[in-house]
Amino acid sequence: MVPSCDLSGEWRQEWRGPALPEKLCGVTDIDGVMDAAGLSNQHVRDYVHRYFELTGADRIEVVNASDDARLLREALDAGELAPAGEGRYYSRSHPKDTARSEERTVVATSNPADAGVYNNWRPAAEMRPLLEDRMRGASAGKTMYVVPYLMAPPGSPLEAFAAGVELTDTRTVVLHMIRMARVGVDHVNDLGDSFVRAVHVTGDLDSLGQGTPDDQRWFVTLADERTILHYGSSYGGNALLGKIAHGLRQATYDGWASGDFLAEQFLLLGITDKQTGRKYHVCGGMPSASGKTNLAMTLAPDALGDRYRVDFYGDDIAWLRADPDDGRIYAINPEYGAFGVAKDTNEKTNPTAVEAIAEGTGTIFTNVAYNEQTQDVWWEGKTKFPPADVTGWRDWKGELISERSEEEKDAPWAHPNSRFTTTLANIPNIAPDYENPKGVPVDAIIFGGRTRDREPLVRAVTDLAEGVYDGLTLGAEATFAAEGTEGVLRYDPMSMRPFMAYPEGAYAAHWLKVIGAATDQPIFAHVNWFQRDPEDGHFLWPGYRDNLRPLLWLMQLRNGEVTGRQTPVGVVPTPEELDLTGMDLRPGDLDTLLTIDTARWQQEMAHREEHLAQFPDLPEAIWTAHRRVAAALDDQA
Ligand code: GTP
Ligand code: SPV
Ligand code: MN
């Protein structure tokens with residue numbers, strides 16, 4: 001006889017009778033669902049039970065990557081997605097939910113000493129109940145999807161830090177996770193308790209007071225409990241918890257706590273010199289929306305294409321460790337897909353991205369413009385002008401372009417943070433060995449922000465402490481009074497400001513330790529594609545595919561094939577050393593791109609001093625590097 005209201009689930013595993021109903025006594029039999037899905041890890045099952053009860057979801061579903069086609073059909077039927085041509089999909093987020101919110105993002109632990117300047121530290125004992133209160137009953141009527149995932153190529157030495165189980169009440173989040181991470185129960189069944197618990201509850205997006213003093217959203221990483229609780233958004237990094245909440249915030253904390261590795265908002269690419277057969281790997285940090293995806297996907301400029309090939313490894317996250325066997329730094333991309341900025345993506349700026357999001361790729365577009373009659377998508381910079389015939393076109397909010405009022409006429413059709421989501425395998429220049437569990441040896445670590453003056457095209461730094469110092473003083477310019485003072489950078493150390501999980505002084509020390517453990521260390525460099533002419537504002541450097549040229553110079557410098565010119569802030573190429581074949585730069589622009597304006601740099605050094613002084617316990621080696629650069633500038637003045 002079937003024990004009618006026994007929900008413990010134990011008897012079910014013994015049951016040999018006919019298929020059992022999913023619900024008994026009106027309650028979902030979640031053990032039955034987990035059994036059927038082969039989810040056997042008892043720690044995962046207990047966690048699912050706990051949050052199923054807390055969130056009040058109606059039912060659960062355990063997700064494997066192979067469920068993608070069915071989930072897509074369901075999302076299309078439910079109107080959560082619309083078709084965007086063959087094998088491509090379109091989604092619109094809630095208009096108040098279009099980007100990460102840094103103010104509402106918190107790292108919480110039980111140790112007040114974990115508070116840093118940027119991690120918005122709060123006590124875990126305060127944040128967990130606060131989040132669980134918000135989540136209580138908030139998934140009523142919904143399905144709770146159980147998404148086991150792995151943020152690493154399987155077999156990676158860092159695999160122990162890479163597994164997680166996201167619980168989410170939103171189907172489109174699941175579809176994004178399937179593209180951005182490796183998803184399936186096999187990734188967690190044998191792990192015991194060592195997986196990240198990542199709970200995502202969307203909440204009622206109409207009434208969360210987003211951006212007001214009464215904001216209800218919270219995005220919390222309980223780092224020392226390896227638990228992520230996000231409430232109040234279903235967009236990007238707020239909701240795809242494997243990506244930045246685990247892949248960056250949790251992982252950077254784990255890397256520090258274990259002493260083993262660094263997790264950084266870095267791109268990772270390979271350069272093959274077909275003439276010599278040598279292969280180089282470059283990784284590096286640029287703040288959000290500053291060009292990582294574009295650089296990682298870049299092709300060699302036409303004139304250099306016969307000799308060099310660029311391979312894509314990763315565009316947003318890299319985990320780095322020193323390998324004791326050969327003394328080199330190895331990097332992996334923990335992700336499985338790319339979540340790229342749509343704006344300005346076109347055949348000229350980024351042909352590989354255009355191919356990676358073409359029909360048949362399964363790409364999901366979010367918040368671009370959409371034509372419901374032709375199923376076409378458009379964003380600013382896809383073509384020079386928007387489609388001339390506006391029939392059927394709606395902007396990212398769903399408003400018909402044809403019905404725009406006079407004042408709305410010039411508003412962008414796509415949201416500036418509109419994005420595409422596609423798997424790495426769709427990227428035409430994906431590295432053949434991108435799933436190599438060991439990762440690839442790193443030759444150079446670069447940093448780059450958007451800086452309209454001062455920062456040259458490239459300057460190389462050969463000393464470890466000076467390289468780390470350079471990363472810590474990375475920033476992007478503030479352009480409007482609202483964001484800061486003109487000419488003063490918004491510092492974004494290593495491009496990790498929004499993802500920092502522990503104090504900056506300890507972070508710097510951990511960098512020195514991990515990279516310092518390598519006997520064959522990467523060279524550092526600072527790059528800048530965004531210098532402008534002070535008179536007419538044009539970009540001095542055309543950017544995009546031409547960005548390979550300064551990287552080639554950097555590899556030559558590392559190989560001792562060029563010497564460059566020593567300046568107080570690093571080694572800068574001489575104009576002859578840069579391979580500019582096939583380019584026509586305006587006269588004078590190259591000089592400006594390679595010039596160090598000493599007075600302007602001295603001004604910057606004063607701001608840097610204030611910036612670094614915020615961080616107690618900054619290693620003395622970093623201060624020494626700062627003083628050395630400052631003194632060299634003073635000598636030159
Ligand atoms: P996140 O995904 O937010 O971390 O951004 P990202 O760093 O990957 O930035 P992405 O490559 O998506 O570029 C952001 C914007 O900068 C896009 O609109 C690009 O078109 C633009 N951009 C990228 N590279 C260059 C360049 O070399 N020159 C110029 N002028 N613009 C660039
Ligand atoms: C960024 O903002 O740096 C991103 C997008 O890469 S998100 O995943 O939303 O953080
Ligand atoms: Mn990013």
Side-chain angles (χ1 to χ4, degrees), residues 93 97-102 105 173 176-177 179-181 219 230 233-249 263-269 284-298 301 312 314-318 333 335 337-354 356-357 366-368 379-382 412 414-421 446-452 457-458 474 476 492 494-499 527-532 537-551 593:
S93 75
D97 184 30
T98 56
R100 285 185 290 103
S101 159
E102 291 180 15
T105 302
V173 169
H176 281 83
M177 278 297 286
R179 283 155 182 72
M180 295 304 297
F219 308 112
H230 278 207
S233 164
S234 60
Y235 198 84
N238 292 339
L240 317 176
L241 302 187
K243 187 173 173 50
I244 58 171
H246 179 165
L248 287 174
R249 281 187 207 100
E264 306 293 327
Q265 187 189 208
F266 275 12
L267 68 103
L268 178 61
L269 59 79
M286 298 167 175
S288 297
S290 297
K292 290 181 301 298
T293 299
N294 276 271
L295 185 61
M297 286 191 182
T298 204
F312 179 104
D315 72 331
D316 204 44
I317 305 179
N333 170 17
E335 302 197 271
F339 182 58
V341 174
K343 186 172 169 4
D344 287 333
T345 303
N346 61 53
E347 201 52 61
K348 189 157 188 297
T349 55
N350 195 343
T352 44
V354 171
I357 62 180
T366 308
N367 289 349
V368 300
W379 50 85
E380 274 62 33
K382 181 173 191 255
H415 188 280
N417 192 37
S418 59
R419 300 217 173 214
F420 53 78
T421 308
I446 62 174
F447 298 111
R450 283 175 181 268
T451 328
R452 68 173 55 229
L457 179 63
V458 57
L474 172 63
D492 188 343
M494 314 272 189
S495 71
M496 284 291 283
R497 179 176 173 141
F499 315 115
V527 297
N528 181 22
W529 322 141
F530 298 97
Q531 247 196 96
R532 288 177 186 259
H538 78 269
F539 285 110
L540 299 184
W541 179 252
Y544 298 105
R545 292 172 65 174
D546 290 311
N547 295 339
L548 183 65
R549 300 171 193 268
L551 299 186
L593 283 163

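Counting from 1, the numbers follow the sequence of the chain as shown. Heavy-atom basis, side chains included; hydrogens, waters and symmetry copies ignored. When a ligand or atom number is given, it counts from 1 through the structure's own listing order. Since this is a predicted model, take the numbers as computed values, not measurements.
The backbone N or O of Phe339 sits less than 3.5 Å from a side-chain atom of Arg419, completing a donor-acceptor pair. Lys292 places no side-chain N or O within donor-acceptor distance of the main-chain N or O of Asp316, the cut-off being under 3.5 Å.
Listed by number with element, the atoms of ligand 1 under 4.0 Å from a non-hydrogen atom of Asn294 are 10 (P), 11 (O), 12 (O), 13 (O), 19 (C), 23 (C), 24 (N). Heavy-atom contacts of Thr293 reach the following atoms of ligand 1: 6 (P), 8 (O), 11 (O), 12 (O) (cutoff under 4.0 Å). Listed by number with element, the atoms of ligand 1 under 4.0 angstrom from any heavy atom of Gln265 are 4 (O). Atoms of ligand 1 found under 4.0 Å from any heavy atom of Val341, numbered from 1 in the order shown, are 12 (O). Each of the atoms 15 (C), 16 (O), 21 (C) of ligand 1 lies under 4.0 Å from some heavy atom of Arg450.
The shortest separation from a heavy atom of Pro287 to ligand 1 is under 4.0 Å, placing the residue in contact. Judged by the shortest distance from any of its heavy atoms, Gly340 lies outside the 4.0 Å radius around the atoms of ligand 1. Note on ligand 1: Asn547 sits in its first shell, one or more heavy atoms being nearer than 4.0 Å.
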Could you check ligand 2 for N or O atoms lying under 3.5 Å from protein N or O atoms and list the pairs with distances?
residue	atom	partner	partner atom	Å
ligand 2	2 (O)	Arg100	NE	3.1
ligand 2	2 (O)	Arg100	NH2	2.8
ligand 2	2 (O)	Ser288	OG	3.4
ligand 2	3 (O)	Gln265	OE1	2.8
ligand 2	3 (O)	Ser288	OG	2.5
ligand 2	6 (O)	Asp316	OD1	3.4
ligand 2	6 (O)	Asp316	OD2	3.1
ligand 2	8 (O)	Gly237	N	3.3
ligand 2	9 (O)	Gly237	N	2.9
ligand 2	10 (O)	Arg100	NE	2.8

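Ligand 1 has an N or O atom lying under 3.5 Å from an N or O atom of Lys343, backbone or side chain. For Phe530, no nitrogen or oxygen atom sits less than 3.5 Å from a nitrogen or oxygen atom of ligand 1, counting backbone and side chain alike. An N or O contact shorter than 3.5 Å is missing between Phe539 and ligand 1 by distance. The shortest N or O to N or O distance between Trp529 and ligand 1 is not below 3.5 Å.
Each protein N, O or S atom less than 2.8 Å from the Mn ion (ligand 3) was counted, giving 2.
When the options Val527, Asp315, Leu267, Leu548 are evaluated for a side chain to side chain contact (heavy atoms under 4.5 Å, CB included) with Leu295, the one that passes is Leu267.
The option with the heavy atom closest to atom 13 (O) of ligand 1, from among Gly291, Ala296, Ser495, is Gly291. Counting only non-hydrogen atoms, the option in Arg419, Lys292, Arg100 that gets closest to atom 3 (O) of ligand 1 is Arg419.
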